[in-house]
Amino acid sequence: MSKVLIGVIAVMSIIGYFLWNENSRLSALNQAFELRDQEQKEAIKTLQEDFKTQSEGLLEIQKRNNEIQLEMTRYLDIFKRHNLTKLAIAKPNLIETRVNNGTKKVFDSIEEVSRTIDGLDDNLQLQSVSE
């Protein structure tokens, strides 16, 4: 009877040892997966914030583009209603001053839009490719 009892204890000890090893391995895997899950959640959060920033920037650019289109339409309407050649011959200083002022406004607005576009990616974080 004692040999059977020793045999059962030996078998139970071996099974307990293998279960303990498997539990340790699975625990380590679980920690690795939890870390990976946390990193992925952080990456998703960063991507969502970047997407929000890009969306807001795009809406701002579209709004500014609509304003510029309206301004262009207004200026083209002015050109349609006036004979600028005749006016330039009659009053050259008047036309030159207005054209120079208009050109300066256009270049200033192009510079402003360029600064806006250039600044859109300032807060974005690039994701590194890791495998």
Side-chain angles (χ1 to χ4, degrees):
M1 179 81 166
S2 66
K3 288 181 182 181
V4 173
L5 188 57
I6 291 173
V8 170
I9 291 174
V11 169
M12 294 297 282
S13 297
I14 292 171
I15 291 173
Y17 174 75
F18 285 118
L19 288 177
W20 181 78
N21 280 342
E22 184 68 13
N23 188 29
S24 297
R25 189 182 68 80
L26 291 175
S27 179
L29 279 173
N30 189 34
Q31 288 176 349
F33 285 134
E34 285 177 1
L35 179 63
R36 182 176 170 196
D37 184 52
Q38 180 183 3
E39 289 173 349
Q40 288 178 349
K41 285 180 182 179
E42 290 172 4
I44 289 171
K45 181 180 176 187
T46 302
L47 289 172
Q48 287 174 337
E49 290 171 358
D50 290 350
F51 181 73
K52 180 181 176 186
T53 303
Q54 289 174 346
S55 297
E56 290 171 355
L58 183 59
L59 289 175
E60 184 63 33
I61 289 172
Q62 287 175 340
K63 179 182 172 187
R64 181 68 180 134
N65 185 37
N66 289 339
E67 292 171 359
I68 291 171
Q69 289 290 336
L70 290 173
E71 189 176 352
M72 183 186 74
T73 303
R74 187 173 62 93
Y75 288 140
L76 289 176
D77 186 49
I78 291 171
F79 285 124
K80 286 179 188 175
R81 289 185 284 130
H82 296 88
N83 185 350
L84 293 180
T85 306
K86 182 179 172 184
L87 188 59
I89 292 170
K91 299 178 182 178
N93 288 338
L94 175 71
I95 295 298
E96 181 180 357
T97 303
R98 289 187 178 185
V99 168
N100 288 343
N101 289 340
T103 304
K104 183 179 181 330
K105 285 181 184 178
V106 168
F107 283 131
D108 289 344
S109 80
I110 290 172
E111 287 177 6
E112 180 62 32
V113 168
S114 297
R115 275 192 292 276
T116 302
I117 290 172
D118 182 49
L120 288 178
D121 63 352
D122 287 349
N123 293 328
L124 298 181
Q125 296 177 1
L126 297 177
Q127 297 293 322
S128 63
V129 177
S130 61
E131 298 194 38

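Just so we're clear, the structure is a prediction, and the values are computed from it rather than from any experiment.
For the atom pair CE of Met72 and CZ of Arg74, the computed distance is 12.5 Å after rounding to the nearest 0.5 Å. Atom CD of Glu42 and atom CG of Asp37 lie 10.0 Å apart (nearest 0.5 Å). Interatomic distance, Leu35 CG to Asn30 CG, rounded to the nearest 0.5 Å: 11.5 Å. Rounded to the nearest 0.5 angstrom, Lys45 NZ and Asp50 CG are separated by 12.0 Å. In this structure, Ser114 OG and Phe107 CZ are separated by 11.5 Å, a value rounded to the nearest 0.5 Å. To the nearest 0.5 Å, the span separating CG on Leu76 from CD on Gln69 amounts to 9.5 Å.
Of the charged side-chain nitrogens involved, at least one lies within less than 4.0 Å of a carboxylate oxygen, so that Arg25 and Glu22 count as a salt-bridged pair. A salt bridge between Glu67 and Arg64 is present, with a side-chain N of the basic residue lying under 4.0 Å from a carboxylate O of the acidic one. For Arg115 and Glu112, the salt-bridge test passes: some basic side-chain N is under 4.0 Å from an acidic carboxylate O.
Note on Leu58: it does not cluster hydrophobically with Phe51, by side-chain heavy-atom contacts below 4.5 Å among ILVMFWY residues. Under the 4.5 Å side-chain heavy-atom criterion for ILVMFWY residues, no single connected hydrophobic cluster contains both Ile15 and Val8.
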* To do: Could you walk me through whether Lys105 and Asp108 pass the side-chain contact (heavy atoms from CB on, under 4.5 Å) test, one step at a time?
  => CA-CA 5 Å; Lys105 285 181 184 178; Asp108 289 344; 5.7 Å; no
* Could you check Arg36 against Glu39 for salt bridge (Lys or Arg N to Asp or Glu O under 4.0 Å), going step by step and ending with a plain yes or no? => CA-CA 5 Å; Arg36 182 176 170 196; Glu39 289 173 349; over 6 Å; no
* Determine, stepwise, if the pair Leu19 / Asn23 fulfils side-chain contact (heavy atoms from CB on, under 4.5 Å). => CA-CA 6 Å; Leu19 288 177; Asn23 188 29; over 6 Å; no
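Through side-chain heavy atoms spaced under 4.5 Å, either directly or across other Ile, Leu, Val, Met, Phe, Trp or Tyr residues, Ile9 is tied to Leu5.
Test Asn100, Val99, Leu94, Asn101 against Thr97 for side-chain contact (heavy atoms from CB on, under 4.5 Å) and you get one pass: Asn101.
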